[in-house]
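From a predicted model like this one, the values you see are computed outputs, not experimental measurements. Values reported hereafter were calculated over all heavy atoms of this structure, with side chains retained and with hydrogens, waters and symmetry mates removed.
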Amino acid sequence: MKHLLGVTLMVSLVIVSPAIAQAPTEEKNRAELEKTLNDVNQQWLCAGSYYKAKSQDCVNFRAKYWADQFFEIYPNGQVMTKAEMVTSQTQTAAAHPDAAPGSGPNPQEFKLMAVYGNIALATDRTIFKATDTTGKLSVTGEARVLRIFVKENGKWRPAAAALVGLENPK
C-alpha cells in the first residue's frame, strides 16, 4: 500500500510539475498577446499614438489593415462589411477631412478574453468623441465592444467587431 501511494505521488508530481512550470510562461505569453492585440486595436482605430490628422489617411490604412472578411455590428443591429465601411468612412472623411487629436473612437479597458488558435476575442469600452461647434472635444457615445482578431501570415489583424451601446456610461 505504501509503495502504491509512493508511486501515485511520483506520477502526480511528474504530471503536475510540467503544468506548474508552464503556467508562468503561458501567463507571460497571454500578457504579451494581450499587449500585441491592444496595439492592433489602437492602430486600426487610429487612436493614441496612431492618430492621423487627415481622416482619409485613417480610412486608407483600415482598408488595408482589416482582414478581407472584416465586418462590424453596430448597437442598432446594422451589419456593415469591410467594403461598406470603407465607402461610408470615405464619404465622412470627404465631409470632414481634418481629424482633431482625440476625436473618433477611444478604446479603454482592453482585455483579452479567449484565444482559439489563430482567432482571439477581446473586449474594450470605447468612448466616441467629436469636436463641437466651438472646436472642443465632447463625448458623443460609449460602447462595450467585442473585438475579434485573426492571425494571418503570422500577423494579427482585426477581423470583426460588435458594439453594444452604453446608456449610462461610467
Side-chain angles (χ1 to χ4, degrees), residues 22-82 84-86 88-89 92-93 96 98-132 134-152 154-170:
Q22 289 175 353
T25 302
E26 288 175 18
E27 287 177 29
K28 181 180 176 187
N29 290 344
R30 187 173 178 90
E32 287 175 11
L33 178 56
E34 183 172 80
K35 184 178 176 181
T36 296
L37 294 175
N38 186 31
D39 190 64
V40 169
N41 198 40
Q42 294 282 327
Q43 285 182 57
W44 86 263
L45 295 172
C46 300
S49 63
Y50 297 103
Y51 157 75
K52 295 181 182 355
K54 295 296 180 187
S55 301
Q56 190 60 48
D57 290 346
C58 190
V59 176
N60 295 344
F61 173 77
R62 288 176 179 154
K64 293 176 185 170
Y65 198 48
W66 286 332
D68 290 340
Q69 297 179 56
F70 182 89
F71 68 95
E72 193 162 89
I73 303 171
Y74 295 124
N76 67 0
Q78 178 184 10
V79 178
M80 290 193 70
T81 65
K82 176 181 176 177
E84 291 167 334
M85 290 182 70
V86 170
S88 173
Q89 290 178 12
T92 301
H96 306 282
D98 298 317
S103 63
N106 292 272
Q108 316 283 314
E109 303 170 14
F110 186 90
K111 180 159 177 56
L112 176 60
M113 301 300 291
V115 180
Y116 303 100
N118 289 335
I119 298 171
L121 309 173
T123 61
D124 71 34
R125 181 174 61 93
T126 298
I127 301 167
F128 298 92
K129 296 181 182 180
T131 51
D132 62 18
T134 66
K136 182 180 173 189
L137 273 180
S138 61
V139 174
T140 59
E142 291 190 37
R144 180 62 65 185
V145 184
L146 170 63
R147 306 259 180 216
I148 303 170
F149 303 91
V150 62
K151 192 172 190 179
E152 295 179 335
K155 293 190 179 196
W156 288 99
R157 298 173 68 190
L163 291 75
V164 176
L166 298 175
E167 291 182 27
N168 298 313
K170 326 177 166 164

Ignoring hydrogens and geometry, is there a side-chain-to-backbone donor-acceptor pair from T126 to P105 under 3.5 Å? no
Using only atom types and a distance under 3.5 Å, with no angle test, would you say the side chain of E34 pairs donor to acceptor with the backbone of L112? yes
Validation row: L33, W156 side chains within 4.5 angstrom (heavy atoms): yes
Y51 side chain to A99 backbone, donor-acceptor under 3.5 Å: yes
Residue that, paired with P158, satisfies side chain to side chain contact (heavy atoms under 4.5 Å, CB included) out of L37, V40, N41: V40
Keeping the roles fixed (side chain from R157, backbone from V150), state whether a donor-acceptor pair exists under 3.5 Å. no
Looking at Q42 and G48, what are the two nearest heavy atoms and their distance? OE1-N, 3.8 Å
Minimum heavy-atom distance Y116-L121, with the two atoms named: CE1-CD1, 3.9 Å
Of all the heavy-atom pairs spanning D124 and R144, show the shortest one and how long it is. O-CD, 3.3 Å
Kindly determine whether M85 and W66 satisfy side-chain contact (heavy atoms from CB on, under 4.5 Å), including the steps that lead there. CA-CA 11 Å; M85 290 182 70; W66 286 332; 3.8 Å; yes
Exercise: identify the closest heavy-atom pair between K82 and A67: CD-O, 3.5 Å
Below 4.5 Å, heavy atoms only, C-beta onward: do V86 and R62 meet side chain to side chain? no
Search all heavy atoms of P101 against all heavy atoms of L137 and return the closest pair with its distance. O-CD1, 3.2 Å
Decide, yes or no, whether a salt bridge links K54 with D98 under the criterion of side-chain N to carboxylate O below 4.0 Å. yes
When you measure from the side chain of N106 to the backbone N and O of G102, does any donor-acceptor pair fall under 3.5 Å? yes
So, R147 side chain and A161 main chain: donor-acceptor pair closer than 3.5 Å or not? no
